[in-house]
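Position 1 is the first residue of the sequence, and the numbers go up from there.
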Amino acid sequence: MLKNQELAYWCIVRERLIYLEDQQLPLASRATAAFSSENAVEIGQYQGRPVYWLEAPESLPDEKFHSLRALLGCDASLFNLAGRASQLSHMRHTQAYCSQCGSHCRFDTQAVAMVCEQCHGVHYPRVSPCVIVAVRKDDKILLAQHPRHKNGMYTVIAGFVEAGETLEQCVVREVREETGIEVTNVRYFGSQPWAFPSNLMMGFLADYQSGELKPDYAELADAIWATRETLPEVAPAGTIARGLIEETLVLIADKGQA
């Protein structure tokens, strides 16, 4: 139980937006917080301090709620905990009824899941596995622009894993479907929880094998081969997409020096 004077980080969620003070998660004690902390749930620790998830009290102004992307510049561990709060909030709202019997579910703090009040079925947060891949061809990287990116930003290819599909198979299929390119030498890079609303991004690197670039304009606004010198605006720092792009540019530079 948090003591009244003990400092804690607060992840306060309203409709998948998160409450920020001066563009940061509030660090405050129960006694000094500008909000009621009733029903707060501890979801982890950051730098020795507890981190709490709280559904937003009505008293907090809407203008202080922002997209989780506003926290991309903070430490990855804290960003992931904020994402955990957002995902648990999403679960609480979208899994409020039992998928087995249709009865109402309550949030169980011990199981960190929704539990049916009638049949007692336990429903955990739904996580959607996705792949994201940077493809290298000689001194170029494959970049794509999505219609939702209104600022002209380019990023790497990504997509959801289908039933019965390995991650590597998904990488090959998504690149082929969206760009017409065949890839080889698919290898794992890293992962990032991505609570928009409940994805787990698993990053890969791959090499060009064959094919002509033919973007699927039902999915993409554009796709290009870019060199370091012709690199457009790309995904922001803090995203796994940016990490993949930077790693690929390092690999290209190392190959050029070999």
[X] [atom1] to [Y] [atom2] distance, which is reported to the nearest 0.5 Å:
X      : Y      : atom1 : atom2 : value
Met114 : Tyr124 : CE    : OH    : 13.0 Å
Phe196 : Arg16  : CZ    : CZ    : 8.0 Å
His123 : Ser99  : NE2   : OG    : 4.5 Å
Arg84  : Trp53  : CZ    : CH2   : 9.5 Å
Leu205 : Ile132 : CG    : CD1   : 11.0 Å
Ile224 : Lys140 : CD1   : NZ    : 11.5 Å

Donor-acceptor contact present, side-chain [X] to main-chain [Y], <3.5 Å:
X      : Y      : value
Asp108 : Gln110 : yes
Ser89  : Ala85  : no
Glu117 : Ser103 : no
Asn199 : Met201 : no
Arg14  : Pro57  : yes
Arg136 : Ala134 : no
Trp10  : Leu54  : no
Asn151 : Met153 : yes
Thr179 : Val175 : yes

| field | Leu231 and Ile141: CA distance, side-chain angles, deciding distance, side-chain contact (heavy atoms from CB on, under 4.5 Å) verdict | value | CA-CA 9 Å; Leu231 203 68; Ile141 181 173; 4.3 Å; yes

| request: For Tyr97, enumerate each residue passing the ring-ring contact (aromatic ring centres under 6.0 Å, His included) test, keeping only those at least two apart in sequence or located in another chain. | output: His104

| said: Can you list everything that forms a ring-ring contact (aromatic ring centres under 6.0 Å, His included) with Tyr154? Sequence neighbours excluded, please. | reply: none

Is it the case that one hydrophobic cluster holds both [X] and [Y], taking links as side-chain heavy atoms less than 4.5 Å apart, direct or via other members?
X      : Y      : value
Leu200 : Leu81  : no
Leu72  : Val51  : yes
Leu142 : Leu251 : no
Met202 : Ile240 : no
Tyr188 : Ile157 : yes

| Stepwise, does the side-chain contact (heavy atoms from CB on, under 4.5 Å) test hold for Glu177 with Asp216? | CA-CA 7 Å; Glu177 289 180 353; Asp216 176 5; 5.6 Å; no

Could you pull out the closest heavy-atom pair between [X] and [Y], with the gap in Å?
X      : Y      : answer
Gln100 : Cys119 : NE2-SG, 3.6 Å
Ala195 : Gly83  : CB-O, 3.3 Å
Leu20  : Ala70  : CD1-CB, 3.9 Å
Leu167 : Phe204 : CB-CZ, 3.7 Å
Thr155 : Ala241 : OG1-CB, 3.3 Å
Glu168 : Val186 : CG-CG1, 4.2 Å

Any heavy-atom pair between the side chains of [Y] and [X] that's under 4.5 Å?
X      : Y      : value
Val131 : Val161 : yes
Glu6   : Ser29  : no
Pro232 : Gln145 : no
Leu143 : Val234 : yes
Val112 : Leu88  : yes
Gln87  : Val127 : yes
Arg187 : Asn185 : yes
Leu27  : Arg49  : yes

| said: One pair to check against side-chain contact (heavy atoms from CB on, under 4.5 Å): Lys137 and Leu213. What are the steps and the verdict? | reply: CA-CA 12 Å; Lys137 179 184 180 184; Leu213 186 56; over 6 Å; no

Please determine, by modelled atom types, if [X] and [Y] share a side-chain donor-acceptor pair under 3.5 angstrom.
X      : Y      : value
Gln192 : Thr239 : no
Ser198 : Arg126 : no
His93  : Glu55  : yes

| remark: The side-chain contact (heavy atoms from CB on, under 4.5 Å) partner of Cys11 among Ile18, Val41, Leu78 is Ile18

| task | Hey, could you give me each pair passing ring pair (Phe, Tyr, Trp, His ring centres under 6.0 Å) that has a residue in residues 63-91? Not counting sequence neighbours. | result |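 Matches after skipping sequence neighbours: Tyr19-Phe65.
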
| message | Assess the residue pair Ile181 and Trp225 against the criterion (side-chain contact (heavy atoms from CB on, under 4.5 Å)); give the C-alpha distance rounded to whole Å, side-chain angles, the decisive distance to 0.1 Å, and a yes or no. | response | CA-CA 11 Å; Ile181 298 299; Trp225 289 109; 4.3 Å; yes

| said: Taking atom CD as the centre, does Gln118 end up with more than 12 heavy-atom neighbours from other residues, nucleotides or ligands that are less than 6.0 angstrom away? | reply: no

| query | Is the CD atom of Glu63 crowded by more than 12 outside heavy atoms at less than 6.0 Å? | reply | yes

